[in-house]
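First up is the structure itself, then whatever we jot down about it.
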Amino acid sequence: MSTDLSAVDELFAKRFEEGLTPALAYAVVRHGEIVHEGAFGTTRLDPERRPDADSVFRIASMSKSFIASAILLLRDRGLVDLDEAVAQYLPELVDQPPYSPDSPAVTLRLLLTMAGGLPSDNPWGDRQESLSYDAFGTFLDGGFAVGREPGTFFEYSNVGYALLGRVVANVTGADAPEGAERAFVEAELLGPLGMTATAYDVATVGPALVPGHVRRGGAWVELPPTPPGAFSAMGGLHSTLRDLATWVGGFTSAFDAKADAHPLSKASRRELQQLQRIEAVTGTLSVDGPEPGVGAVAAGYGFGLMVDHDARLGQIVHHSGGYPGYGSRMVWHPDTGVGVVTLSNATYAGAYDQAMTATRLLARAELDAGGPTRWSTVVRGLRPRVDAALAAAIERLRAFDPEGGESFADPRLFADNVELDVPDDERRTQLGAARDRVGLPLGGAPYGYWSRTMGHAFAVVPAERGRYDVDLLLSPEAEPRIQSLRAVAVTDATADVLAAAREALAADTPVAAAMRAFGDPELIEAPLADEPGRPTELLVVAGPTYWKLLVGQDVTLTAHPTSEHDRLGYLTHALR
């Protein structure tokens, strides 16, 4: 790992010290393997036994990713259609009245994404788990509340996932549907993956079971185990850190090109992890702690998994579990393959925030350890072509003779649109003016490059008297060529501009005071932009935050939006 794992240990130690659970276990995972683990407390109050990677806890709603995987496995086999009305698989729902006369049918897809219009049902749903197949059918015959137009809003529903479990039971159980959904998950997912410690029926677990607890009257009380039933689809599985590392690894491996023996296709595993239904957009502001700075997250639901799109780290996938006697969470970062799983044995007392924070710290350390290439992780399969195109473009900018007869847009390197978009005479004029400002590029992209999309590269290239900011985009042809090339000459800042900038940073203004709260401001002296006739734009870094300083007739200081932080991270690295 690329980070000091003692920081992870400290997060969970502090959580355990809050006294919310008799036992807490956690593991750092990478590509399906446990690379670090820890535990606190005891699995039972008498006799005492510390939990480990093979101790079995109920994982509660983390079970939803298993039933969602089962639905997609059936979809891939042609046995269900995600966009078919769920009533086609559950006859009890045929007479369920719609929310309104023109409401769409509630489909499997809507239930998978928590958009079926069903109201949230925690903690009621936890107490329904042991319902028999027939008792659940009686419940469905009586109808149930629908509180919103299906397909319009996210709202977390255990009933929705119990319905999905019943679909699996009906499709796979033929004349014996009782427990068929559980048998299908165990036979078609857990067995092939070697997850032998994971089971629905607590009676099969044996001495590795960690009993659940609740605090009553100031003392811990052990709760009796709950047998499986019709609601187990939403939260009935028991598992270990070791088995869950395998489960998480199946999701992270879905993004690489290697073949594997997972029973669910990589395409379907990626589908489970896509943000299908938005829940909320959250901004964060922290002046201390493990992640100081400004951040933003767009959060929602995939299929049985929560999905965050984070301004700092990109995609983060996770799900928590809460149940009488237990609390759990699994979190992973697909781009790096790192994640954290944590299990606790007290009601809703999982180390939820700690698992997320630990994963974020691990992912950031992995990205930072990547050197210059870390700025271009989004390129993926096109990286060799982007590397070659960028090198060729820089050499073209250095060696091209504006006074010669050859066209700049050599068709071996540039797509057909390039000369149509910027005629050759105009390109020659631009290149001549840029060379007048900063001279020739010195060659290469020594600081790597930043990528906005798969075929994009933005690179800082040193020049004789300043630099070039080179921005290119490849075409989608079978043999990609450059479809767009922009090279902006940027000169060094003048002494007057830098003096005005330092004065503004030291001023007693509300914006400057807010900036200094994050740390001593560092002025990056190389301008971000210095177009003639416009204010010079400078970058200021204060702790983990980025600020824009415009120096012209007036001087203004503003915070950069979080959407710019990735690009600014590259520029800070390149311009220091």
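Note that the numbering runs from 1 along the sequence shown for the chain.
- Residues passing the side-chain contact (heavy atoms from CB on, under 4.5 Å) test with A162 are F136, F231, sequence neighbours excluded.
- For Y546 and H565, the ring centers sit closer than 6.0 Å to each other.
- Residue pairs satisfying the salt bridge (Lys or Arg N to Asp or Glu O under 4.0 Å) criterion with at least one member in residues 343-362, sequence neighbours excluded, are listed as follows: E291-R360, D310-R360.
- Atom-to-atom distance recorded for L382:CG and S451:OG is 9.5 Å, nearest 0.5 angstrom.
- Taking the six-membered ring for Trp and the full ring otherwise, the centers of F12 and Y26 sit less than 6.0 Å from each other.
- Residues S120 and E155 bring no donor and acceptor atom of their side chains to less than 3.5 Å of each other.
- Dense packing is recorded around CD of E564, with more than 12 heavy atoms of other residues, nucleotides or ligands lying under 6.0 Å away.
- Environment of CZ in R486: sparse, with no more than 12 heavy atoms of neighbouring residues, nucleotides or ligands closer than 6.0 Å.
- Interatomic distance, CD of Q315 versus CD of Q274, reported as 5.5 Å (0.5 Å rounding).
- The number of heavy-atom neighbours closer than 6.0 Å to CG of D83, taken from other residues, nucleotides and ligands shown, is above 12.
- Annotation for R516: atom CZ counts as buried by contact number, over 12 foreign heavy atoms lying within 6.0 Å.
- Judged by distance alone, the side chains of S65 and W247 do bring a donor and an acceptor atom under 3.5 Å apart.
- Among pairs with a residue in residues 235-250, those fulfilling salt bridge (Lys or Arg N to Asp or Glu O under 4.0 Å) read D54-R242, at least two apart in sequence or across chains.
- Y301 has its ring centre less than 6.0 Å from the ring centre of H319.
- Between the side chain of R58 and the backbone N or O of G235 there is at least one donor-acceptor pair closer than 3.5 Å.
- Taking a 6.0 Å sphere around CD of E522, one finds it holds more than 12 heavy atoms contributed by other residues, nucleotides or ligands.
- Atom-to-atom distance recorded for H318:NE2 and Y352:OH is 13.0 Å, nearest 0.5 angstrom.
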